[in-house]
Amino acid sequence: MRYDLVIFDNDGVLVDSEPISNTLLAAYLTELGHPTTYEESVRDYMGSAMHRIHDLVEERGGQRLPADFDETFHARVFAAFQERLEGVPGAGKVVELLARSGVPYCVASSGSHERIRVGHRKTGLDAWFRDEIVFSAEDVGRGKPAPDLFLHAAARMGVEPQRCVVVEDSALGVRAAVAAGMDVYGFTAMTPAEKLDGATGYFGAMDELPVILGL
C-alpha cells in the first residue's frame, strides 16, 4: 500500500446519488424561477457544498434562495434516496477490502452528515463507515474546491496530507485535493477525464481501484 489514508468522496463515488440529486436540484431551482437544466446542475453544482448553490444563484440572478431551501431540497432528496438510491457498483467491495487489510480510510463529502448517513444506510455502507471516519463540509468553513475539508479529514485521521490519496468524481473535488497537496484519482464513470483536470490518474470502474492503490 503506497498511501497511509484513502479519502473517499461520497456522492458519485460510494453512492450513485448524483443523477438523483441533480435532477431534483434542477427542477427545484427552475420551480423557484431560476431555470436550470440537469446538465447545468451537474456542470455548476456537482461536488459542491450547499453554500455554493446559494452563492451562484444570487450572483447570477441577484436574488437569494428561500430560507428553507436547504431543508426542502434535502427532504426531496432523502425521499428519493429511500425509493431508488443504490451504491456505486463495486464500491462496497473496495471499502471492505481496505477494512479487512487494515488500511485506514474515511469519507469526506460536500454533503451534510445527514445526507451521508441516509445514503449509507440505504446502500449498506454504514457497516463500513462509523461516525468518527465520516467528514462533511458542515465540519469546516469552506467546502470544495477549498482544501479545508480534506485537510480536516487528514488531521482528524492523524495522517500527513502528502501520505493521503483522494478518490473523486467532480472537478471541484479534484481541485480541492490538489490544493490540499494530496494525490487524487478521478473516477470517470459519470465525469469525463478531461473535466477532472489535474488528477494524478483516472479510472472508470471500481474494480480498477485496488490495483491503483497498490493493494
Side-chain angles (χ1 to χ4, degrees), residues 6-29 36 38-54 56 69-70 73-92 94-95 105-126 128-129 133-140 142-146 148-150 152-153 165-177 184-192 195-196 199 202-206 209:
V6 180
I7 304 176
F8 290 96
D9 176 43
N10 189 58
D11 295 293
V13 170
L14 295 175
V15 296
D16 193 18
S17 54
E18 293 292 6
I20 297 172
S21 58
N22 281 286
T23 296
L24 292 172
L25 178 58
Y28 189 26
L29 289 175
T36 306
Y38 170 79
E39 291 76 17
E40 289 169 340
S41 180
V42 170
R43 180 194 68 197
D44 295 339
Y45 305 121
M46 181 173 163
S48 68
M50 292 299 293
H51 67 78
R52 178 180 168 85
I53 300 173
H54 288 264
L56 283 181
F69 178 85
D70 292 13
F73 175 61
H74 283 136
R76 295 181 182 187
V77 168
F78 296 164
F81 280 4
Q82 292 299 334
E83 289 183 2
R84 57 185 186 273
L85 181 66
E86 297 181 355
V88 169
V94 174
V95 175
Y105 64 90
C106 65
V107 61
S109 171
S110 293
S112 66
H113 278 283
E114 184 181 11
R115 175 181 172 130
I116 298 167
R117 279 308 185 200
V118 168
H120 284 189
R121 285 194 296 269
K122 180 64 170 61
T123 59
L125 286 167
D126 57 330
W128 303 107
F129 286 94
I133 62 170
V134 174
F135 305 103
S136 160
E138 291 180 321
D139 302 331
V140 295
R142 299 180 300 167
K144 304 169 188 177
D148 304 36
L149 176 56
F150 289 139
H152 171 72
V165 61
V166 175
V167 183
E168 262 287 355
D169 73 325
S170 75
L172 294 176
V174 169
R175 286 169 55 193
V184 53
Y185 285 90
F187 182 41
T188 61
M190 183 172 173
T191 308
K195 294 187 177 181
L196 300 175
Y202 307 92
F203 68 104
M206 278 293 164
L209 190 54

Under 4.5 Å between any side-chain heavy atoms of [X] and [Y], yes or no?
| X | Y | result |
| --- | --- | --- |
| Asn22 | Pro19 | no |
| Asp9 | Asp169 | yes |
| Val13 | Val88 | no |
| Leu125 | Val15 | yes |
| Glu114 | Val118 | yes |
| Val42 | Glu18 | no |
| Tyr45 | Leu29 | yes |

Using the ring centroid of each side chain, check whether Phe203 and Phe187 are separated by less than 6.0 Å. yes

Ring centroid separation for Phe150 and Phe135, is it under 6.0 angstrom? no

Point-to-point distance, once rounded to the nearest 0.5 Å, from [atom1] of [X] to [atom2] of [Y]:
| X | Y | atom1 | atom2 | value |
| --- | --- | --- | --- | --- |
| Glu40 | Met46 | CD | CE | 16.0 Å |
| Leu209 | Met206 | CG | CE | 6.0 Å |
| Ile116 | Leu14 | CD1 | CG | 9.5 Å |
| Ile53 | Thr36 | CD1 | OG1 | 10.0 Å |
| Lys122 | Arg84 | NZ | CZ | 10.5 Å |

Any donor-acceptor N/O pair, [X] side chain to [Y] backbone, under 3.5 Å:
| X | Y | value |
| --- | --- | --- |
| Arg117 | Ser112 | no |
| Ser136 | Gly111 | yes |
| His51 | Gly143 | yes |
| His74 | Asp70 | yes |
| Tyr105 | Trp128 | yes |

Distance alone, cut at 3.5 Å: any donor-acceptor contact between the side chains of Ser41 and Glu39? no

With distance as the sole criterion, is a donor-acceptor pair present between the side chains of Ser109 and Asn10 under 3.5 Å? no

Heavy-atom pair with the smallest gap, counting every atom of [X] and [Y]:
| X | Y | answer |
| --- | --- | --- |
| Lys144 | Leu172 | CB-O, 3.9 Å |
| Arg52 | Asp44 | NE-O, 3.1 Å |
| Ala49 | Ser110 | N-CB, 3.7 Å |
| Thr123 | Glu86 | CG2-C, 3.5 Å |
| Ser17 | Gly12 | OG-N, 3.9 Å |
| Leu196 | Thr188 | CD1-CG2, 4.3 Å |

Assess whether side-chain contact (heavy atoms from CB on, under 4.5 Å) is satisfied between Ile133 and Phe8, documenting all intermediate values. CA-CA 10 Å; Ile133 62 170; Phe8 290 96; over 6 Å; no

Cation-pi geometry met for Arg76 and Tyr28 (6.0 Å, 45°): yes

Show your working on side-chain contact (heavy atoms from CB on, under 4.5 Å) between Ile7 and Val165 and close with a plain yes or no. CA-CA 6 Å; Ile7 304 176; Val165 61; over 6 Å; no

Relative to each other, are the rings of Phe78 and Phe81 parallel, tilted or perpendicular (30° and 60° limits)? tilted

For side-chain contact (heavy atoms from CB on, under 4.5 Å), just list the numbers for Tyr185 and Tyr202, CA-CA rounded to whole Å, side-chain angles, deciding distance to a tenth of an Å, and then say yes or no. CA-CA 5 Å; Tyr185 285 90; Tyr202 307 92; over 6 Å; no

One pair to check against side-chain contact (heavy atoms from CB on, under 4.5 Å): His113 and Asp139. What are the steps and the verdict? CA-CA 9 Å; His113 278 283; Asp139 302 331; 2.9 Å; yes

Carboxylate-amine/guanidinium proximity below 4.0 Å for Arg121 and Asp126: no

Any ion pair linking Arg115 and Asp11 (charged N to carboxylate O, less than 4.0 Å)? yes

